[in-house]
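Read the structure below first, then the notes.
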Amino acid sequence: MPELPEVEALREFLDVHLTGKEIARALPVAISVLKTYDPPLSALDGAAVTAVDRHGKFLDITAGGLHLVVHLARAGWLQWRDVLPSGAPRPGKGPLALRVALTGGDGFDLTEAGTTKRLAAYLVRDPAEVPGVARLGPDPLAEGFDRAAFAAVLAGERRQIKGALRDQGLIAGIGNAYSDEILHAARMSPFKPVRNLTDDDVTALYEALRATLGGAVARAHGMEAGRLKAEKKSGLRVHGRTGEPCPVCGDTIREVSFSDSSLQYCPHCQTGGRPLADRRMSRLLK
């Protein structure tokens, strides 16, 4: 799933390639992709793009006073094309969900792999009309998001830290991959309850969060959209690396599986050497 660093890199890419250009047509291909109907997508025809912004994991393209807001979900992606195929795309079972064609012949496709379709596009007058945007917590890379702001966000939380970091209503933009990376950098168990965090824990977690996300954004800066997935994977230390040696200590990276996802961690760095084989039976390390 694209998370804050990849979406920020896509925002930068689109800001360069899209801003100032005129939209010829926005064409929905998958029935499920468009979540709003007023204003109609045809309202973008002939509109000039004036800005590209990001809200957590949401992209926000401003054109003609309207906002095309996109959430790529787990398997969605944006593919830029210097020359779009001629003719209107045909609906079908392929990955293409939505195409935005510019008057210069270039544009981009929104695609989604797999059979579960969660990629979402909204055309609204204000980004706050999108429910997922309206509920977002603070951006963890915003200037004002200091340690005190981070501590305030966590105050009163009773969940495990892994779940809290992924909650978009608490902190915007962090998903499964970067929460694993942040916790590894902070040397903290993913199952540790937030209420058990000490002041030193909060400091370590905040510093790990800023360094991990900031480093990922810096690595992706200026990169073409097509290279971002590979860059993300190459920069991950533990996520998606079950069975590989930890780059910090050499211990074997382990995994805990859930019904629709999994997490990875290093026992030596994060859980005192004890493997957490099953989330229902493992006890939190305090």
Side-chain angles (χ1 to χ4, degrees), residues 1-6 57 74 140-141 145-147 150-151 153-155 157-168 170-220 228-286:
M1 175 184 289
E3 300 180 31
L4 185 156
E6 295 77 49
K57 301 179 192 177
R74 176 172 293 183
L141 292 184
F145 192 74
D146 55 14
R147 187 213 177 273
F150 181 57
V153 163
L154 295 179
E157 267 297 313
R158 302 184 64 84
R159 288 175 292 179
Q160 297 168 351
I161 187 58
K162 167 81 174 179
L165 288 176
R166 293 185 62 188
D167 185 345
Q168 302 303 294
L170 283 185
I171 305 171
I174 302 172
N176 195 32
Y178 286 106
S179 57
D180 281 353
E181 296 298 301
I182 291 166
L183 291 167
H184 178 254
R187 304 180 70 85
M188 190 174 296
S189 168
F191 292 163
K192 187 163 189 172
V194 175
R195 66 177 181 272
N196 291 353
L197 295 178
T198 65
D199 285 345
D200 287 345
D201 288 337
V202 173
T203 298
L205 195 57
Y206 173 75
E207 291 175 352
L209 180 151
R210 296 281 287 199
T212 300
L213 295 180
V217 168
R219 288 193 304 272
L228 289 172
K229 286 185 179 181
E231 168 55 38
K232 175 181 180 178
K233 186 174 181 180
S234 69
L236 299 176
R237 291 187 164 197
V238 292
H239 184 79
R241 300 195 180 278
T242 303
E244 297 181 23
C246 170
V248 174
C249 71
D251 196 4
T252 301
I253 295 170
R254 293 180 180 265
E255 176 177 309
V256 177
S257 296
F258 303 88
S259 60
D260 61 349
S261 65
S262 63
L263 65 83
Q264 286 79 40
Y265 69 100
C266 169
H268 182 270
C269 292
Q270 295 176 254
T271 61
R274 288 178 286 174
L276 303 176
D278 189 314
R279 70 184 181 93
R280 294 166 298 181
M281 300 178 66
S282 297
R283 296 298 180 186
L284 221 0
L285 301 176
K286 313 225 170 161

As an exercise, state the distance from [atom1] of [X] to [atom2] of [Y], rounded to the nearest 0.5 Å.
| X | Y | atom1 | atom2 | value |
| --- | --- | --- | --- | --- |
| Asn176 | Ser262 | CG | OG | 6.5 Å |
| Leu141 | Ile171 | CG | CD1 | 11.0 Å |
| Glu181 | Leu165 | CD | CG | 12.5 Å |

Could you pull out the closest heavy-atom pair between [X] and [Y], with the gap in Å?
| X | Y | result |
| --- | --- | --- |
| Glu255 | Tyr265 | N-CE2, 4.2 Å |
| Leu276 | Val256 | O-CG2, 2.8 Å |
| Pro245 | Gly250 | CB-O, 3.8 Å |
| Pro190 | Gln160 | O-CB, 3.9 Å |
| Ala164 | Glu157 | CB-OE1, 4.2 Å |
| Gly273 | Pro275 | O-CD, 3.6 Å |

Give a yes or no answer on whether the side chain of [X] reaches the backbone of [Y] with a donor-acceptor pair at less than 3.5 Å.
| X | Y | result |
| --- | --- | --- |
| Gln168 | Gly173 | yes |
| Arg210 | Pro140 | yes |
| Glu244 | Ile253 | no |
| Gln264 | Arg241 | no |

Side-chain touch [X]/[Y], heavy atoms, less than 4.5 angstrom:
| X | Y | value |
| --- | --- | --- |
| Arg166 | Ser261 | yes |
| Val248 | His184 | yes |
| Leu213 | Pro5 | yes |
| Leu263 | Phe258 | yes |
| His239 | Leu183 | no |
| Leu209 | Ile174 | yes |
| Leu205 | Lys192 | no |

| task | Kindly indicate, with the supporting measurements, whether the criterion side chain to side chain contact (heavy atoms under 4.5 Å, CB included) is fulfilled by Thr271 and Arg254. | result | CA-CA 11 Å; Thr271 61; Arg254 293 180 180 265; over 6 Å; no
| Pair Lys162 + Asp180: basic N to acidic O under 4.0 Å | yes
| task | Fit a plane to each ring of Tyr206 and Phe150, take the angle between them on a 0 to 90° scale, and name the class: parallel (under 30°), tilted (30 to 60°) or perpendicular (over 60°). | result | tilted
| Pair Thr198, Asp201: side-chain N/O donor-acceptor within cut-off below 3.5 Å | yes
| field | Test salt bridge (charged side-chain N to carboxylate O under 4.0 Å, His left out) applied to Glu3 and Lys57, Lys232, Arg74, the passing residue | value | Lys232
